[in-house]
Amino acid sequence: MKPWNVRLFGGPIEMGRYANVIATSDNKVRFSVWPEKKNMGRIKIGDYCLICPGVRIGAANSVVIGDNCMIASNVDITDSDWHDIYNRISPGVSSPVTIEDNVWIGYGAIICKGVSIGANSVIGAGSVVTGSVPPNTVAAGNPARALKTFDPDVKISKRDALFSDHPNFDKKMDMLDREMLQGNTLSGWLRHLFFPKKGD
Ligand SMILES: CC(C)(COP(=O)(O)OP(=O)(O)OC[C@H]1O[C@@H](n2cnc3c(N)ncnc32)[C@H](O)[C@@H]1OP(=O)(O)O)[C@@H](O)C(=O)NCCC(=O)NCCS
């Protein structure tokens, strides 16, 4: 949605089928590949992923995200420190980031270099993930630590199910848009600029 608010820098940057990227003018999505060395650097995002406003992914080496992942607003994922701790003018250390299928990363989390997040796991809002998270685990905090593991008997529904009936999905999204935007008119927008009132 609003693809002109998605900023791409460098490449390769690959995105799978049915991925939803939501970007807004005041909170753009940014994918940057800035290779540490020649033939390094890539971003690969799988099928059915959700990328929310303000997400920033930066790769000097490799950031690979599996299918059905949900990346909430303002999440930052990077595989590099971009500077060395002693030599502040060198490119610093990079190490690949791997996010397996069906991972959900909560609002504002930071995923640092070398991290792997196992399939189905959830990262709490605002977490700083510096070490790897096993599959089927909820982890949170700074630094993120495992809070619990999933009950293997409970089925986890995945985003691909949304697209099994895509005409209906389109209809639902359209209805949601109409509901969110109802009452928005050109004259109302002009009035709020010149005669703002409480509740605008
Ligand atoms: C991680 C999360 C899923 C856990 O939810 P939950 O299973 O209901 O867990 P609880 O709220 O019972 O919390 C369990 C413990 O983890 C702690 N915790 C939960 N979320 C945390 C977070 N983001 N950071 C640090 N600690 C957290 C709680 O304080 C609690 O600690 P305690 O046992 O010492 O009291 C949820 O807190 C979260 O962060 N959701 C992300 C929501 C989001 O970003 N949505 C974006 C829309 S796509």
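Both counts, for ligands and for their atoms, begin at 1 and track the order of listing.
- Put simply, the side chain of Ile71 does not reach to within 4.5 Å of the side chain of Ile45, judged on heavy atoms.
- No side-chain donor-acceptor contact under 3.5 Å links Asp84 and Asn87.
- Atom NZ of Lys44 has 12 or fewer heavy atoms from other residues, nucleotides or ligands within 6.0 Å.
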Between ligand 1 and the protein, tabulate every N or O atom pair separated by less than 3.5 Å, reporting distance only.
{"unit_1": "ligand 1", "atom_1": "7 (O)", "unit_2": "Lys148", "atom_2": "NZ", "d": "2.6"}
{"unit_1": "ligand 1", "atom_1": "23 (N)", "unit_2": "Ala125", "atom_2": "N", "d": "3.2"}
{"unit_1": "ligand 1", "atom_1": "23 (N)", "unit_2": "Ala125", "atom_2": "O", "d": "2.8"}
{"unit_1": "ligand 1", "atom_1": "39 (O)", "unit_2": "Ala125", "atom_2": "N", "d": "2.8"}
{"unit_1": "ligand 1", "atom_1": "44 (O)", "unit_2": "Tyr107", "atom_2": "N", "d": "2.6"}

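- Between Tyr48 and Phe163, the ring planes lie tilted relative to each other; the angle falls in the 30° to 60° range.
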Which donor-acceptor pairs under 3.5 Å do the side chains of residues 91-117 make with protein atoms, sequence neighbours left out?
{"unit_1": "Ser94", "atom_1": "OG", "unit_2": "Glu36", "atom_2": "OE1", "d": "2.2"}
{"unit_1": "Ser94", "atom_1": "OG", "unit_2": "Asn61", "atom_2": "ND2", "d": "3.1"}
{"unit_1": "Glu100", "atom_1": "OE1", "unit_2": "Ala119", "atom_2": "N", "d": "3.0"}
{"unit_1": "Asp101", "atom_1": "OD1", "unit_2": "Asp67", "atom_2": "N", "d": "2.8"}
{"unit_1": "Asn102", "atom_1": "ND2", "unit_2": "Asn120", "atom_2": "OD1", "d": "2.9"}
{"unit_1": "Tyr107", "atom_1": "OH", "unit_2": "Asn74", "atom_2": "ND2", "d": "3.0"}
{"unit_1": "Lys113", "atom_1": "NZ", "unit_2": "Asp81", "atom_2": "OD1", "d": "3.3"}
{"unit_1": "Lys113", "atom_1": "NZ", "unit_2": "Asp81", "atom_2": "OD2", "d": "2.8"}

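- Between Asn184 and Trp189, the closest side-chain pair of non-hydrogen atoms is not below 4.5 Å.
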